[in-house]
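Worksheet for the structure shown next.
To find a chain, count down the sequence lines: A is the first, B the second, and so on, and within it residues start at 1.
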Amino acid sequence: MLREIVILSFGGQGGVTAARILALAAVMDGKYAQAIPQFGAERRGSLVKSYLRLSDEPIRRHSSIKKADVVSIFAERILNIVDIKNMLKDEGFTIVNAESGGDFCINASKIALNLNLVSAGWPIVNTAMAGAMANTLGIRKESVVKAIKDTFSGKVAEVNATAAEIAYEEVYECQ
Amino acid sequence: MLREIVILSFGGQGGVTAARILALAAVMDGKYAQAIPQFGAERRGSLVKSYLRLSDEPIRRHSSIKKADVVSIFAERILNIVDIKNMLKDEGFTIVNAESGGDFCINASKIALNLNLVSAGWPIVNTAMAGAMANTLGIRKESVVKAIKDTFSGKVAEVNATAAEIAYEEVYECQ
Amino acid sequence: MSGRTIMTGNQAVAEAVRLARTEVVAAYPITPQTVIVEKLAEMVDSGLLDAEFIRVESEHSALAAVYGSAVAGKRSFTATSSHGLLYMYEMIWWVANARVPLVMVVVTRTIGPPWNIHTDHTDLLTMRDSGWIIAMAENVQEAFDLTINGFRISEEVSLPYTAGMDAFQLSHTSEVVDLLEQQYVDEFLPERRQSYVFGEEAFTVGCIGPNEYTARLRKDTFEALKNTEKVVDKVSREYEEITGRNCGLLEEYRLDDAEYAVVMMGAWSGDAKDAIDELRKESLPIGLLKLRYIRPMPYKKIQKLLDGKQVLVLDRDCSMGAGGILGVEVKNCVEATNIIAGIGGIDVGVDDFIKMFRVFSEGKLEVEKNGVYWWPPEIYDKGMR
Amino acid sequence: MSGRTIMTGNQAVAEAVRLARTEVVAAYPITPQTVIVEKLAEMVDSGLLDAEFIRVESEHSALAAVYGSAVAGKRSFTATSSHGLLYMYEMIWWVANARVPLVMVVVTRTIGPPWNIHTDHTDLLTMRDSGWIIAMAENVQEAFDLTINGFRISEEVSLPYTAGMDAFQLSHTSEVVDLLEQQYVDEFLPERRQSYVFGEEAFTVGCIGPNEYTARLRKDTFEALKNTEKVVDKVSREYEEITGRNCGLLEEYRLDDAEYAVVMMGAWSGDAKDAIDELRKESLPIGLLKLRYIRPMPYKKIQKLLDGKQVLVLDRDCSMGAGGILGVEVKNCVEATNIIAGIGGIDVGVDDFIKMFRVFSEGKLEVEKNGVYWWPPEIYDKGMR
Amino acid sequence: MSVVEECLISKPSKGSAGKTGLWRTYKPVIKENVCNACMLCWLYCPEGAISKRGEKVEIDYEYCKGCGICSSVCAKKAIEMVLEA
Amino acid sequence: MSVVEECLISKPSKGSAGKTGLWRTYKPVIKENVCNACMLCWLYCPEGAISKRGEKVEIDYEYCKGCGICSSVCAKKAIEMVLEA
Amino acid sequence: MEVKESILLSGNPSCQGCPHSLGLRALGLALDDPVVIIPAGCSTIVAGIHPKATINAPVLHVPFASAPAVASGIASAFRREGKKKQIVVWMGDGGADIGFATISGAAVRNEDIIVIVSDNEAYMNTGIQSSGTTFWKAKTTTSPTGKSEERKDLAAIMLMHRVPYVATASVGYLPDFINKLEKAKKIRGFRFIQLHSPCPPGWRFDSSKTVEIARMAVKCGAWILWEFDGKLSFSPASRPYKDKMKRTGLTEYLRAQGRFKGIDDSDIETIEKNIDMQWKFLEAFENF
Amino acid sequence: MEVKESILLSGNPSCQGCPHSLGLRALGLALDDPVVIIPAGCSTIVAGIHPKATINAPVLHVPFASAPAVASGIASAFRREGKKKQIVVWMGDGGADIGFATISGAAVRNEDIIVIVSDNEAYMNTGIQSSGTTFWKAKTTTSPTGKSEERKDLAAIMLMHRVPYVATASVGYLPDFINKLEKAKKIRGFRFIQLHSPCPPGWRFDSSKTVEIARMAVKCGAWILWEFDGKLSFSPASRPYKDKMKRTGLTEYLRAQGRFKGIDDSDIETIEKNIDMQWKFLEAFENF
Ligand SMILES: Cc1ncc(C[n+]2csc(CCOP(=O)(O)OP(=O)(O)O)c2C)c(N)n1
Ligand SMILES: Cc1ncc(C[n+]2csc(CCOP(=O)(O)OP(=O)(O)O)c2C)c(N)n1
Ligand code: SF4
Ligand code: SF4
Ligand code: SF4
Ligand code: SF4
Ligand code: SF4
Ligand code: SF4
Ligand SMILES: [Mg+2]
Ligand SMILES: [Mg+2]
């Protein structure tokens, strides 16, 4: 089954990296996956869309995702500026970095801040969000962790893996 | 009737200019004409081929002339290094800057030297040859003279016109 | 200067540019286009042409400079050839996509290596996707006429215009030309028009943006170029009224009653006409369809004119791994046989055409479908040293 | 690195270049090709790739530099895109005419103005006359495979080789790739061969000379490129034996029993396959012929495969004033309808294809012969502001 | 407007990248009592988001990207960067 | 030899432009008695048409183009330019 | 300070702390009627996303290597109309690599244009690749362990083109840049300004430090402000640093930037020597 | 003088008295194992007509603007093989116009090549059009009443590229040119020589005068022979003319050439002033 996920984040939050980590994790699970960054000039702070596809079969399509099965929102503020409904299938669900407001919620910012994952004042939430998404998408925790360790190195890898693990466990259904 | 003429000269002798003058003269006579220079890098002193076509009708072809009706040879030496026969139609004729050796002959070098038409040690024979050729090709003397005066200016035009006039008169059948 | 005279193609083009009251010329020398540049430099220097001449340092800059002057509203001209054309290739696409009217003459020349300055139409045809209007002259008169027509048509449809002319065979050959008096040219060429003029108003040209804008612009260009067929028809009729000479999209030569039809373009078409006259004497029903324009490619007209005939397309160019370029295009609308000849400036004359056409009409040129025939076979058969 | 992983197209290409033991890389950055250049610079800097990396100042110089290293006998690579390709256009012709083997990857991108970094195949197709072997990848795996195949084929026929890949859709998209172990690549790629090596013997390459030499050389190139069809067949079979993956000239997808056949190339073919699967569920007998190579253009195979079918050619490119470029070429050997879509990077997905194919099969796409259909119609219908 | 103009000609207007105020992590806040209206911050604001209304120096938060240059160039240290809510 | 080599590779050999001696208007003639074999003319002959055989300085008239540089650089004025027959 | 509107409108797509934005704003403050020609580069993006434009003046996007040539054509057109606007080429250091023949050609023709190279010492728009002007040892994506060659001295090379006006400037000293533009606009012929433009993401420093870093470069002598208008002179901001003793903070300047991470003391010594050389060289000219 | 074979074979297509031939002969006398890269220009023709080649060494014809880049690639290939041959780009002044970005790029990379610009001060191969280095007031087909701009000082501009070796030379002083090549061949990295190459048909003087005219240029100070190999020095042939009083024959030099026909005394005065400037400028460097 093909599942299509859209990630909404601000430039610098690492939405693309999260998509790549999840794709890699899915491959480790023996699945097929595809991660597509927003095409174009992405500036720190501007709104960025990334795409993630997961499937049991090879993924052939390369177009963007217009109606997603899952929309993942990296900052609560985004809920106010984007019409999420419009990009979500009727049966789809959302997962938000917030205490509430999505189908699934996770306070990824807090996890990041607690682990001191901060850059230029911003909590770096991508790995925590990846962990939370992995759970809701049925990707194994070990795979996300390994994918993160393949992506980063040294101490950075460890801390990010921890963030993902925590989020994997902490993500919850909101409403 | 289309007549095709090949001029053989050394680079610097003005074979191309002669062809252009004759073409212009022919047009003044109400004919059609075409003058084609050797295509390529022409160095002073190297052997150069130019083509001239004359006709009562518009000339449409643009290829080179392989078998000519007339071959005009600007320096006697050329007779020794080029196989003229090969480029002349059976019924064709030659005209040479020499006392003998062609079907028509004219000592264009002498005419030029007499008129002090010299450059870098060489007699400039092109206008004399043009005059001689005009005669054998049935182009009016006045037209050649006018074509020369249109091509050059001032004193140079005068002297060259004179050269052509003299040659027009002096050209003779050799054999 | 007006009336009948003789001129080389290069001179005639310079003369046409002068008569068009061109205001800015920028060009970079390359054999065999050089004389155009020199003549224009001379005219500007002597005041014969009231224009600016920019002595640029490359062809990329030549087209860039006239792009600048044209987008700012001035009638502008450049000329190039072969490697020069390839060197300005980025700008070629740019000016077309920017919809800026200007005129360029391309003296067609072989692309190296080996270095070779002789004619071959491949260089001109590399422009065929870009949005330029592309014409090709058969003789010096047409080179002159098309250059003048070019300004008119280019400005009417807001697309750049190029006229090709064969290296040496036209550029350096002196032929009879009937020039035009200034007043007629002035009448024929109205005030310059263009879709927008840059330099006064505060706006930006060419910003990135949503893809839909690019797509819309491309379709508009496509249509503008298609529409150019009608504009050429109209303009060439007007020009014919003034001069008696037609410079329409196509020329038919003894085609009406022909069973065999040859399709080609450029200077050697004249030789082909002479060959056709010869063969007609032998009652071979053969005729010629000369393409004077390659873009827009008047497919429908071509198809109509060639319908029911045996078609031979003659290319002095090559799309490697496919066939002759005109061959590929014409086969789009009719079945045809394709010969590639005259490559690298090889001299192809009346006798060659007589031979070719005869062999073709005898059905002995049957090459594999989508294959091509290379002429003359002799030179390909064995080594040359 | 070997086995299954995920990678972007750019990374996969860099990996393939490394595995091919490329000795000289020269390239100039341009979005979206940049990452290839960066990865290779990094590999060379870190010693992962034992090669020279030349940080040239332009694309013209990039191809010039690898021309130098390749003609002197070294396996060489460059990559570019869009304006970069146009800027090196003179060199593109030069290396092909000089018959020098080398590999270049072109990340297909729209030509400006307006500035637009998204995919469009027109840039790649401007190379189609020049003598290059031209392939186009559907996915990251193919980008990887074709790059490796490229070195082998290029060196076997002494012609330069390019593989195209769609901007962002492949270049920046991470997908599953099966990499190859070094030893297999080494087996697959024999010692470099080329028709002549420059630098030791006292001879001159490329002198002017009689036109016949140029003509002979061009015909030889034409034939070498035609012959490349067989070489691709052979090499891709060998590659399949090693990897289980076929990279032949064409790919058929549910074509056998299809009444409707779609012809296209590049990344969106995957979306078309998904659409075909959908429509097959509705028992619409439709299939796909994917062109993996555009040069040589395997006309005969195409004709055979499409014989008797209703053909729709899909172009993500345009030859202004003529039609879609593949459309023009395919119509050379079969009747076809032509759609231009996805111009300027416009997103065309599974739903679009389902719509298109349905309309086509219903006979409602009937456009004028040699005309084209612009998709999606909505965006062209009215202004956008 | 022709298609050519529609597609090629862009008109000067604020916010060509949207409301860039959204990009901010930190927000510059002017301490009015400290500021002496020297306008150095205005000169060095890369966004042109600072202006003078009467004697008051104002920041256009709709577009201020929060780079912090104003704060860093202010000799009076009159601009504080405050983490956005 | 392959077609590629045949058409692209040129081999060094004299007379690639033919017998360029034919181009001459004037012919350089060395006055043996005046020449001191300093070889300045050899150095400055653009054709490489001058050589030394034993102590004698020789001109290769098959290729000498008659430019006259040798005559002009010879300090001994040992080379005369003579109009060709 | 007179507060007026510049040509750069808020809400454009430049990064936070973008030096090009600073430069373009200053440009608009100095010139009344500029016409701006922009080749590919970050400024292409800064200039806005269709259908909105950032710059409130006529702006023409042009191919990467073509800008001074396009400007030459526009100058010809304006001359024919007697139009007096200032034609400004606004380009990056990368544009000065690929387009160096074009700049040089326009300089040799003494075209009536102002060419400004906003030099952020790399190809930023494509993601931080080395350019000719990239600092020795600076890490970029195409020089991951630091650039191995010396930076190209663009302004000195343009000086050798013997054009009427050549200057260096810095986004850390906008009044100086504005002064230079005001001087340049009164001169006819080819005018060239190389503007030092530290770039936060490209050099890896915080967006608030653009001006600070630019000033550090001047204070440590690594970037020298000078002007040639017939005669070469050091600009006020740089003048003190003719005295080597007054130059301060080279190490700090380098260490403040992520791109120099890992640079060692001997490298810094080498850089210092080169800086001394550069001063000596310019002083030789000052006296000439 | 040791008489040996050079690489230039007789009977090639150069004009009578061709300066490129002189230069290429000297090149062959100075270097043992050159590999020569030739972009479009007269030398393309001089190099021979297929199937015969003029130059007895590996020679590669390349597109007009590409030569230093192609040479860079060859240098990379040679380096990988440990091949020690000298890679020489032999180009004209026109090649240095269109290809200036390419030269500059190779210089900035400090490529291990020798670039020689054989400067006949115009595009001769296409029939005498103005180039960047064309002398002020010289008549060419694109400057029929005399060139309006000053000549571009290529060598000085290359000097500002801070490459290891830059020199000027002249076909009137072949031993000096040979010396310079011999010095250059021992240096690694980018080496640049601008060779003054008076051209009989292009400058309109008799073919016998190539060497004479070249020497006149040096004697009147219009062409200055110098060398930079870490330090700038005047070459012996030019050294006397540092003393302005010793410079002679500027008028004769100009009047000996058809291209300066009609030049008047005030023009000559201007030229003289520029010559003085050029000396002063180089002297400033000599002392630096
Ligand atoms: C011919 C061509 N090659 C490459 C590019 C890609 N490109 C666009 S901008 C750029 C780098 C610009 O660098 P610079 O001029 O320094 O400007 P910056 O982005 O640093 O401001 C490059 C390589 C292009 N647009 N055109
Ligand atoms: C891209 C390109 N533009 C133009 C030409 C035509 N061209 C060939 S040689 C030449 C002039 C050469 O001048 P220069 O380099 O000074 O050499 P010279 O002939 O004077 O020795 C020109 C313009 C070309 N071959 N390629
Ligand atoms: S720089 Fe500081 S003091 Fe000056 S106006 Fe701005 S906030 Fe006020
Ligand atoms: S934070 Fe930056 S953008 Fe905002 S007002 Fe200050 S300088 Fe301007
Ligand atoms: S230059 Fe004169 S003296 Fe010397 S070798 Fe030649 S002819 Fe003899
Ligand atoms: S005349 Fe010229 S070519 Fe002949 S020997 Fe003397 S210098 Fe050489
Ligand atoms: S990368 Fe640097 S120069 Fe480019 S827009 Fe961002 S801050 Fe400005
Ligand atoms: S024109 Fe001058 S440079 Fe060119 S071949 Fe002739 S003499 Fe030599
Ligand atoms: Mg930059
Ligand atoms: Mg020259």
Side-chain angles (χ1 to χ4, degrees), chain C residues 83 86-87 89-90 93-94 96-98 110-116 118 122 125-126 128-131 205-209 211-219 221-222 225-226 295-297 299-300 303 318-322 325 328-329 331-333 343-346 369-370 374 379-380 384, chain D residues 83 86-87 89-90 93-94 96-98 110-116 118 122 125-126 128-131 205-209 211-219 221-222 225-226 295-297 299-300 303 318-322 325 328-329 331-333 343-346 369-370 374 379-380 384:
Chain C
H83 284 264
L86 305 186
Y87 198 73
Y89 199 63
E90 184 191 20
W93 285 80
W94 191 272
N97 283 341
T110 300
I111 297 166
W115 284 121
N116 182 323
H118 301 105
T122 314
L125 291 168
T126 61
R128 72 189 182 283
D129 303 336
S130 62
V205 187
C207 278
I208 54 157
N211 295 340
E212 285 71 16
Y213 290 97
T214 309
R216 274 175 69 78
L217 185 64
R218 294 295 177 274
K219 179 158 190 266
T221 302
F222 193 89
L225 197 46
K226 264 176 90 170
R295 284 294 180 277
M297 181 55 106
Y299 282 121
K300 279 199 188 157
Q303 197 174 16
C318 178
S319 181
M320 289 293 168
I325 295 172
V328 170
E329 299 238 335
K331 281 191 222 169
N332 242 269
C333 56
I343 281 293
I346 281 200
K369 178 125 190 178
N370 294 308
W374 289 71
I379 67 163
Y380 302 110
M384 308 206 53
Chain D
H83 284 264
L86 305 186
Y87 197 73
Y89 199 63
E90 184 191 21
W93 286 80
W94 191 272
N97 284 340
T110 299
I111 298 166
W115 283 121
N116 181 323
H118 301 106
T122 313
L125 292 168
T126 62
R128 71 191 183 282
D129 303 335
S130 63
V205 187
C207 279
I208 54 156
N211 295 341
E212 285 72 16
Y213 289 98
T214 308
R216 274 175 69 75
L217 186 64
R218 293 296 176 273
K219 179 159 189 265
T221 301
F222 193 89
L225 197 46
K226 265 176 88 170
R295 285 294 180 276
M297 181 55 106
Y299 282 121
K300 279 197 189 159
Q303 197 173 17
C318 177
S319 182
M320 289 293 167
I325 295 172
V328 170
E329 298 238 336
K331 281 191 220 167
N332 242 267
C333 55
I343 281 292
I346 281 200
K369 179 126 188 173
N370 294 307
W374 289 71
I379 68 166
Y380 302 111
M384 308 206 52

So which of [options] has the biggest tally of heavy-atom pairs under 4.5 Å with chain C?
{"options": "Leu125(D), Ile111(D), Ile343(D)", "answer": "Ile111(D)"}
{"options": "Pro113(D), Gly345(D), Gly209(D)", "answer": "Pro113(D)"}
{"options": "Thr214(D), Val205(D), Thr110(D), Ile325(D)", "answer": "Thr214(D)"}
{"options": "Ala96(D), Gly131(D), Gly112(D)", "answer": "Gly112(D)"}
{"options": "Ala98(D), Ala215(D), Gly206(D), Ser130(D)", "answer": "Ala215(D)"}

#### Entry: Geometric class of the Phe222(C)/Trp374(D) ring pair [parallel <30°, tilted 30-60°, perpendicular >60°]
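Trp374(D) and Phe222(C): perpendicular rings.
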#### Entry: Aromatic plane relationship, Tyr87(C) with Tyr87(D) - under 30° parallel, 30 to 60° tilted, over 60° perpendicular
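The arrangement is tilted - the two ring planes meet at 30° to 60°.
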### Query
Picking from Asp129(C), Leu86(C), Leu225(C), which has the most non-hydrogen pairs under 4.5 angstrom with chain D?
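Highest number of pairs under 4.5 Å: Asp129(C).
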Given 3.5 Å as the limit, does a donor-acceptor pair link the side chain of [X] with the main chain of [Y], or not?
{"X": "Asn332(D)", "Y": "Val328(C)", "value": "yes"}
{"X": "Tyr89(D)", "Y": "Thr126(D)", "value": "yes"}
{"X": "Arg216(C)", "Y": "Ile379(D)", "value": "yes"}

### Task
For the residue pair Trp93(D) and His83(C), establish whether any side-chain heavy-atom pair is separated by less than 4.5 Å.
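Contact flag for Trp93(D)/His83(C) side chains = no.
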#### Entry: Student check: side-chain heavy atoms of Arg218(D) and Thr122(C) closer than 4.5 Å
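Result no, sub-4.5 Å side-chain heavy-atom pair not found.
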### Task
Please state whether the side chain, the backbone, both or neither of Arg295(C) comes within less than 4.5 Å of a heavy atom of chain D.
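Only the side chain of Arg295(C) comes within 4.5 Å of chain D.
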### Task
Answer with side chain, backbone, both or neither: which region of Cys318(C) has an atom nearer than 4.5 Å to a non-hydrogen atom of chain D?
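Both backbone and side chain.
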### Message
Which atoms of Thr221(D) are under 4.5 Å from chain C, going by heavy atoms: the side chain, the backbone, both sets, or neither?
### Response
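Its backbone and side chain both get close to chain C.
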